[in-house]
Each structure stands twice: as structure tokens, then as C-alpha cells.
Protein chains: 2
Amino acid sequence: MLKFALLGLLHYRPLTGYELKQIMDESTSNFWHAELSQIYATLKRLEQDGAVESHVEPQTDRPDRRVYNMTSAGQAALDGWLSTPVTKLQPGKDLVLLKLFFSAALSKEAVLAQLRLQRDLHRMQGDRYREHTTAYIQAMLDEYPHLTADGVYWEQTRRFGEMYEDMYVGWIDQAIQALEGAS
Amino acid sequence: MLKFALLGLLHYRPLTGYELKQIMDESTSNFWHAELSQIYATLKRLEQDGAVESHVEPQTDRPDRRVYNMTSAGQAALDGWLSTPVTKLQPGKDLVLLKLFFSAALSKEAVLAQLRLQRDLHRMQGDRYREHTTAYIQAMLDEYPHLTADGVYWEQTRRFGEMYEDMYVGWIDQAIQALEGAS
DNA sequence: ATTATCATGTAAAAGGTTACATGATTTG
DNA sequence: CAAATCATGTAACCTTTTACATGATAAT
């Protein structure tokens, strides 16, 4: 699926692997992320498959950049993927829940401490979606006005992040209460 | 991490790979799942590492069962893992959000149809947590009364599933409204 | 008759992380 | 003086999925 994330971003404008990583970290990392090494490897494969093309832009004071452009084949692949509905639920993974499931072996105080730590992290992440991500989307739309229609969708995914983190914090609050109650 | 999920379940009682799969599908699949082939492979590795032991129980009318028991080394590994706090947010992946992010290229009706489909799926999953999973936890506690303390934690993860699905449905409702509004 | 359940596994491929390697410029 | 940023990539490893293989019994 990473390949579609990359094609989706290259549909906006030509980008380097390094830039793709930066943009993903600011925008899609909420629901899709990747390491730089994986991005470079995937771009290579996309080029072999004819979905993207690249050329090197020499630079003097910085390392040369390899800029990727989408081909019409790549655009067709992206369109096909976008119009295929997801008809099943995607099973997720969450380490904290997995641990909690088996935490009867731990002292209650240890569990509560771990839950409070997670609550702080999710609170901070929620704030980040509210503040930083909102500003980032606005800055993108200011810089690239032709992407205004996309902004509506970006905002929906940002909003999901915000709601997810709020739900997570609320759940932890309830879990802490339930555990404290079950003294 | 699968290995800890397996150790966690084997801590309750000796189990076969097949049973581990069934139990995970009913309990942890909410936040951790695995295919049978991966479970068998992981059990093999756990045995090589000395965390579990196995013996074959011959059966006449059914295939023989290979039953796994946790060793004290396995118990120590599980305890160590459980008491190590998770200090970072786990980045998640969601195909639906990834697609939605890039959906400005699609017709609004196509997007709305995909969102409605997802809403149905998440509503059904929420109902499943409320009904089936609640009953499953109760049946487990009835059958294995010594796991009563664990039941509190199982219920918290079940509750997370319920809240997650409710949040997802609520988010889709809002997204549909936002898209319909932006005619 | 066909499908589901019980029960085991192997093998190949895909997807993803971590570590390594390089090297100049800029910021603190 | 150290760390971060820019910019590329390779290699090894780990995790996960999908496909294949077998074969009996029980249920629809």
C-alpha cells in the first residue's frame, strides 16, 4: 500500500524520496507511515514497473536530488486503487492493549502508571492534530491553491486523528477508574 | 510481539497452535491477530528458544494434537515484557483513511458510498463487541474461575473496541455531513 | 455432494525495521 | 564543538501474508 501513498503524493507534484518522507510525517503518518529506506526501495520498484520516472537534479552545496514524476501508468494505477472500495475491516494492532490484556500478573500501581503515561502521550498527540496539523494543512493550501479540493479530505483525516486521540484518552480515564474501583 | 501474545495465553493453560488461533480470534483480534501459519512458526521458534515445551497427544478419530506448555524461562520473558512500559505512541495504519486522504480525484458520490459501506462495517463490529464479546468473556470466566482477576483487563480491552467503533461511526457521520455540505 | 471443523505444517513472497555508510552545510 | 539537516542508498534481518499440502469426520 505504501506505493499508493507515494503515488498519491506525487500526483500533487514531483518530489524526492526525502521530501516524500517529510510530507508523510506531517500528513499521512496518522494512518500510514514509512521509513526512508522503505520509501527509497519502493520508489525504485515503482520506477521499474513504469509507474514513476526520475531524473537527477545536480546541486552544488547540497547532495544531488533524484526527483520523481508520476507517469500516466502510475496515474491509472492510483485511480484504479482509489475507486476500489474497501469491503472489509482492517484488523489493527496496539501494543498497549495487548499488554493490558495480560496485565493481571502486574501490580495495580504498575498498570496505572503505564496507563497514565499513555494518557499523556495521547493527549499530546491530540493537541498536535488540533494545532500543528491544522496549521500545516492551511500552509499547504496557501502555498498550493490548486489543491483546495483536496484540503477537505485532508481535514477529515486530521479530524479522525483528533477524535481517535480524544477517544483514547477518554478510554484510559475510564479504565483507570475501573481499576481503582476494583480495589 | 506475537510471541508475547502466545506466551500470555499459554500462561492461562496449555494450548495447541490451533486453539491459540481460535482464542486470539475471539479475544485479542481486536488489537492483535495472526494467521495460523505464523502461530505455528512462532511456536516452533519459542520452543527452540526454550520459552515453551511441547508434547504430542495422540488421538484416534482426529489428527494428533501438539500441546504447548510455558517454561519458567517463558514465564520470565513474559513478566519482563509486561513490566516494560511502552513509552512511545505506536503509529497505526488504516487503508480507508489513506484512500480518503487522496479521494479528491473521485466523484463525491463514490466517496460517500465507500464511507457508508465502512460505517455499516464498523457499526456491526461495535455490536459484536457489545454482544458476542461480552458473552465470550463471561463464558470464559464461568469455565475458568481462577481467571477472574484477568477478566477485569479483558473487559477493558473489549470496552476499547466498543469505543473505537463508536468513534469511527461518529467520525464517518461527520465526514459524510461535511462532504455533503461542501456541495 | 459440498462445506466446515479439526489439526498439522512448509515455502515463497511481500512488507517493514534497523543498522550501516557517506559527506557537506547549517544551526545551537 | 556537537548536533541537526540535507540527501542518497544498501544489506541484513524480522514480521506477516498467501499459497500449498494432507486427510479424517461431522454437519447441511
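Within every chain, numbering begins at 1; the chains are lettered A, B, ... in the order of the sequence lines, protein sequences first and strands thereafter.
Using a 4.0 Å cut-off between charged side-chain N and carboxylate O, A/E162 and A/R159 make a salt bridge. Here B/E57 does not pair with B/R66 in a salt bridge; the nearest charged N to carboxylate O distance is not below 4.0 Å. The pair A/E180-A/K108 does not meet the salt-bridge criterion, since no charged nitrogen lies less than 4.0 angstrom from a carboxylate oxygen. B/K21 and B/D25 are joined by a salt bridge, as a carboxylate oxygen and a charged side-chain nitrogen come within less than 4.0 angstrom of each other. A salt bridge links B/D166 to B/R130: at least one charged side-chain nitrogen sits closer than 4.0 Å to a carboxylate oxygen.
One side chain, A/D142 or A/Q138, offers a donor N or O that lies under 3.5 Å from an acceptor on the other. Between the side chains of A/R158 and A/Y136, no donor N or O sits under 3.5 Å from an acceptor N or O.
Residue B/Q38 places at least one side-chain N or O closer than 4.0 Å to OP1 or OP2 of D/dT17. Between B/H33 and D/dT17 there is a side-chain polar atom (N or O) within less than 4.0 angstrom of OP1 or OP2. At D/dC6, one or more side-chain N or O atoms of A/Q22 fall inside 4.0 Å of OP1 or OP2 (strictly under the cut-off).
Terminal axes of the helix from C/dA1-D/dT28 to C/dG28-D/dC1 (five pairs each, C1' rotation axis) are separated by 50°, to the nearest 10°.
A/R45 places its CZ atom 13 Å from the P atom of D/dT10, with the value rounded to the nearest Å. The separation between B/K44 atom NZ and D/dT15 atom P is 16 Å, rounded to whole Å. Between A/D25 atom CG and D/dT5 atom C1' there is a gap of 14 Å when expressed in whole angstrom units. For B/E35 and D/dT17, the CD to P distance is 6 Å, given to the nearest whole Å. In this structure, B/L95 atom CG and D/dT17 atom P are separated by 13 Å, rounded to whole Å.
Between A/A41 and A/D64, the residue whose closest nucleotide on DNA chain D is further toward the 5' end is A/D64. Mapping B/P91 and B/R66 onto DNA chain C via the closest heavy atom, the residue that lands nearer the 5' end is B/R66. Judged by closest nucleotide on DNA chain C, A/L2 is the one of A/P63 and A/L2 placed further toward the 5' end.
Counting heavy-atom neighbours within 6.0 Å of A/E26 CD, excluding the residue itself, gives a total above 12. For B/K93, the NZ atom counts as densely surrounded, since its 6.0 Å shell holds more than 12 non-hydrogen atoms of other residues, nucleotides or ligands.
Checking D/dA19, D/dC6, D/dG23 against every side-chain atom of B/S37, the shortest atom distance belongs to D/dA19.
Across all strands, A/K21 comes closer than 4.0 Å to no nucleic acid atom at all (heavy-atom distances).
If you walk DNA chain C from 5' to 3' and mark each nucleotide with an atom closer than 4.0 Å to a heavy atom of chain B, the marks span C/dT5 to C/dG16.
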